[in-house]
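Note that the structure is a prediction, hence the values are computed from the model and not measured.
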Amino acid sequence: MNWQPHDLLWVKPGSLLAPAGEQLAPWAAALTGPVVVRRAPSSATLVPVGLRGSNKAERQGAFVPKAAVEKALTPFDLVRHKSWFGHPLRGQHPVLVTLDRVAGLLGDYQWGITGSLGYELASGIRQLTDSSDLDLLLRCQGPLARSEAKALWQALNLGPCQLDVQLALPGGAVALAEWAGPSTKVLLKTDQGPLLTGQPWQEQVA
């Protein structure tokens, strides 16, 4: 299975592996929720993942054997299932208010929910705080015109919370805010590390 960054994986207990030279933190070893696929070099047998605890201080990179994955959920699945409709804070928390406002503008795009809200919707484990952003992922296999990106970014910024929208490209990811801006080069996040480029859709990083 070719899992992508931001996918959520439920894995067998005791299967998490610390990076070379590190140890899993005590809270990470006791983790019961899903892990999040992170952007890093992978192998034929291991998936790079990020571990989320109960607060921002509890974050750690790790690896998990592909054979240990029991279930997977993508950010796009959360939107397809309208997972936030039943959230008890819908219409109250700034992140959920913002999500309801922008959802109607994204009908022409394949989009998903990531970050704290995505994790909370998938796992049922409380992650949202008063300062949380709304993190979204837009799949863009083909080039998105910069004029369209600018119009979309302006339309989506309806508040009341901060918005972080990543464009998922064949070779990595670019922030919509950057692609909508005036810079001739933008930061492409790849599995091998960040890359400055003016043509992110042309970059095919192995």
Side-chain angles (χ1 to χ4, degrees), residues 1-9 34-44 46-50 52 59 61-64 66 69 72-81 83 95 98-99 102-119 121-122 132-158 161-206:
M1 182 69 182
N2 186 27
W3 295 293
Q4 300 297 314
H6 304 291
D7 287 353
L8 294 142
L9 308 180
V35 298
V36 186
V37 178
R38 61 187 171 92
R39 201 174 293 284
S42 59
S43 71
L46 296 177
V47 185
V49 296
R52 296 179 68 108
R59 299 286 188 269
F63 293 90
V64 65
K66 292 181 178 180
V69 177
L73 195 69
T74 74
F76 310 106
D77 291 332
L78 296 174
V79 171
R80 187 162 50 249
H81 299 153
S83 300
V95 168
T98 303
L99 178 58
V102 304
L105 302 173
L106 293 171
D108 293 335
Y109 300 90
Q110 186 177 8
W111 63 285
I113 305 167
T114 63
S116 297
L117 178 60
Y119 193 91
L121 293 175
S132 292
D133 296 342
L134 174 60
D135 300 287
L136 301 178
L137 186 68
L138 269 63
R139 180 171 286 162
C140 295
Q141 294 300 103
L144 177 70
R146 300 198 75 164
S147 57
E148 181 181 348
K150 182 177 181 179
L152 179 61
W153 181 240
Q154 290 175 340
L156 291 177
N157 274 277
L158 303 172
C161 81
Q162 291 286 104
L163 197 60
D164 181 0
V165 183
Q166 296 290 314
L167 304 177
L169 283 54
V174 167
L176 175 61
E178 276 198 70
W179 191 239
S183 298
T184 57
K185 291 188 176 183
V186 294
L187 188 68
L188 176 68
K189 300 173 185 174
T190 79
D191 290 351
Q192 310 302 321
L195 176 68
L196 273 177
T197 176
Q199 298 181 314
W201 275 269
Q202 309 268 327
E203 302 288 348
Q204 296 291 335
V205 181

Problem - Gap separating the CZ atom of Arg80 from the CD atom of Gln110, nearest 0.5 angstrom - result: 7.5 Å
Handout entry: Contact check, side chains of Arg52 and Ser116, non-hydrogen atoms, under 4.5 Å
Key = yes
Handout entry: Heavy-atom side-chain proximity of Val165 to Leu152 below 4.5 angstrom
Key = no
Completion exercise
To the nearest 0.5 Å, atom OH of Tyr119 lies from atom NE2 of His6 at 15.0 Å
Problem - Residues, nucleotides or ligands: over 12 heavy atoms within 6.0 Å of Gln162 CD - result: no
Fill in the blank from the handout: Closest non-hydrogen contact found for Leu73 with Ala122 is CD2-CB, 3.7 Å
Practice task
To the nearest 0.5 angstrom, please state how far the CG atom of Asp133 sits from the OG1 atom of Thr114.
Solution key: 10.0 Å
Fill in the blank from the handout: When every non-hydrogen atom of Leu144 is compared with those of Ala149, the smallest separation belongs to CD2-CB, 3.8 Å
Handout entry: CZ on Arg39 to CD on Gln166, rounded to 0.5 Å
Key = 8.0 Å
Practice task
Check Leu46 against Ser43 and note the closest heavy-atom contact, atom names and distance.
Solution key: N-OG, 2.9 Å
Handout entry: Of Thr98, Val95, Asp135, the residue whose pairing with Leu117 passes side chain to side chain contact (heavy atoms under 4.5 Å, CB included)
Key = Val95
Completion exercise
Of all heavy-atom pairs linking Ala180 and Trp153, the shortest is CB-CB, 3.9 Å
Exercise for the section: Side-chain contact test, heavy atoms from C-beta onward, threshold under 4.5 Å: evaluate it for Leu156 versus Leu136 and give yes or no. Expected result: no
Exercise for the section: May I ask you to check whether over 12 heavy atoms, not counting those of Gln141, lie within 6.0 Å of atom CD? Expected result: yes
Handout entry: Side-chain heavy atoms of Glu203 within contact of Leu195, under 4.5 Å
Key = yes
Practice task
Report yes if the side chains of Asp7 and Pro75 come closer than 4.5 Å at any heavy-atom pair, otherwise no.
Solution key: yes
Problem - Ala62 backbone acceptor or donor facing Arg38 side chain under 3.5 Å - result: yes
Exercise for the section: Return yes when atom NZ of Lys66 has more than 12 non-hydrogen atoms of other residues, nucleotides or ligands closer than 6.0 Å, and no otherwise. Expected result: yes
Handout entry: Distance in Å, Leu99 CG paired with Leu78 CG, rounded so as to fall on 0.5 Å steps
Key = 10.0 Å
Practice task
Grab the two heavy atoms, one from Pro200 and one from Leu169, that are nearest each other, plus how far apart they are.
Solution key: CB-CD2, 3.4 Å
Exercise for the section: Decide yes or no for Leu167 and Trp201: does some side-chain heavy atom of the first lie under 4.5 Å from some side-chain heavy atom of the second? Expected result: yes
Handout entry: Heavy-atom pair with the smallest gap, counting every atom of Leu8 and Gly118
Key = CD1-O, 4.1 Å
Exercise for the section: Kindly compute the distance separating OG1 (Thr74) from CD (Gln4), expressed to the nearest 0.5 Å. Expected result: 10.0 Å
